[in-house]
Amino acid sequence: MSTNTNSITVKQATNSRLPDVDFDNLTFGSTFTDHMFMCDFKNGVWQDATVLPYGNLSISPAAKVFHYGQAVFEGMKAFKDENGKVFLFRPEENLERINKSSKRMAIPEFPRDLFFDALHKLLALDKGWIQGGVGNSLYIRPFVMATQVGVSASPADEYKFMILMSPVKAYYTGDVKVVIATKYSRSADGGVGAAKAAGNYGAQFFPTNLAREKGFQQVIWTDSNEHKYLEEAGTMNVFFRINDTLITAPTSDRILDGVTRKSVLALAERDGIKTDVRRLTVTELIEAAKAGTLKEIFGSGTAAVISPVSAFGYNEDVFELEKPSDSFATKFKKELMDIQYNRAEDTFNWRYPIV
Ligand SMILES: *Cc1c(COP(=O)(O)O)cnc(C)c1O
């Protein structure tokens, strides 16, 4: 079946793979729903917007994305409440951010109406893939890549914008041990750290593997100049609770402006928790750990929501953190998820109803 509505052509899958999915044993981001969205940028315009059955692409091996890494992506989620209603969480932020990332990577911006129309059409077809129950969601992965053929080093004039959807359960199990970076960096002043550029992740894998060999799951990234300031935790923003103040680094060229980060800051303010958006040094962190005033460290991001840190390493030392009974990490995770799953009043207007 092929229909054309609001400029998006819909080609529906003839058979759904849904009955074959083992929802109890999902590996994060490796199962995809029946449909995906695709739109091409050619001759200066986005065109041929299509929702089609999920499947392989045929792309020239000379496409620029393979050679120069011109690619950006987003991560967002759809949730189902107990009545089966579907919601996105602050999707405007993801659209704005993918366009900001695109701009930094010399990729043309994607139109707002097409983005939302695509999400509505995909979710109308595949909402059955969202399992009920708190913790279950559909991870949505919009991305853009340079498809123009040619290995000359210049920005492409052809791109594909796509959206994939993947049913997921909670991302991390258990608390994470992190190590503070003293050699490698994920970003630099004037670089692409603030963009969700594909290559930022590729560049992180090697130092993260080294951390794993030493028994840590993630790296706490520090500034590239001096390795003195704490910036992000793996692919998450990072928060520190010293006494009862919540500290996180200000966003910059080097730090991704996370939707979860800004939501946590808003919730903290609402709840009367003191926040301090400033640069925190490694020295200050270690002094607080030694003095017993460092109560918590946690990461924030769409995939895991909030990831509590149970220990951090710095050079040869390891500092263990005992989870306080009034954990901010637990509190914010619950408050965020209550809003996402329509179990709490949405005073900030963060929920975006779909159907
Ligand atoms: C995506 C991402 C985050 C988290 O952003 P959210 O919008 O909260 O998902 C944080 N840091 C980096 C480097 C990221 O890529």
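Along the sequence shown, residues carry numbers from 1. Whatever order the structure lists them in is the order used to number ligands and atoms, beginning at 1. Quantities reported herein were computed from a predicted structural model and do not represent experimental measurements.
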Option nearest atom 8 (O) of ligand 1 (shortest heavy-atom distance, choices Val238, Asn237, Asp257, Thr260): Thr260
Nearest candidate to atom 11 (N) of ligand 1, where distance is taken over non-hydrogen atoms, out of Lys196, Lys262, Glu232, Arg254: Glu232
More than 12 heavy atoms of other groups within 6.0 Å of Glu345 CD: no
Any residue meeting salt bridge (charged side-chain N to carboxylate O under 4.0 Å, His left out) with Asp244, in chain and number order, not counting sequence neighbours: Arg241
Ligand 1 atoms in contact with Gly258 (distance to a heavy atom under 4.0 Å): 5 (O), 6 (P), 7 (O), 8 (O)
is_close_aromatic(Phe240, Phe298), centroid dist under 6.0 Å: no
Atom indices of ligand 1 within 4.0 angstrom of Thr235 heavy atoms, with elements: 2 (C), 3 (C), 10 (C), 11 (N), 12 (C), 14 (C)
N or O contact, Tyr201 vs ligand 1, cut-off under 3.5 Å: yes
Atoms of ligand 1 close to Arg186 [distance to a heavy atom under 4.0 angstrom, numbered from 1]: 13 (C)
Of the listed options Thr302, Asn94, Val259, Thr251, closest to atom 9 (O) of ligand 1 (non-hydrogen atoms): Thr302
Side chain, backbone, both or neither: the part of Glu93 lying under 4.0 Å from ligand 1 by heavy atom: neither
For Phe87, all residues meeting ring-ring contact (aromatic ring centres under 6.0 Å, His included), sequence neighbours excluded: none
Check: His120 ring centre within less than 6.0 Å of Phe115 ring centre: no
Min heavy-atom dist Glu74 to ligand 1 below 4.0 Å: no
Parallel, tilted or perpendicular: ring planes of Trp350 versus Phe348, cut at 30 and 60 degrees: parallel
Salt-bridge criterion met for Asp157 and Lys42 (N-O under 4.0 Å): no
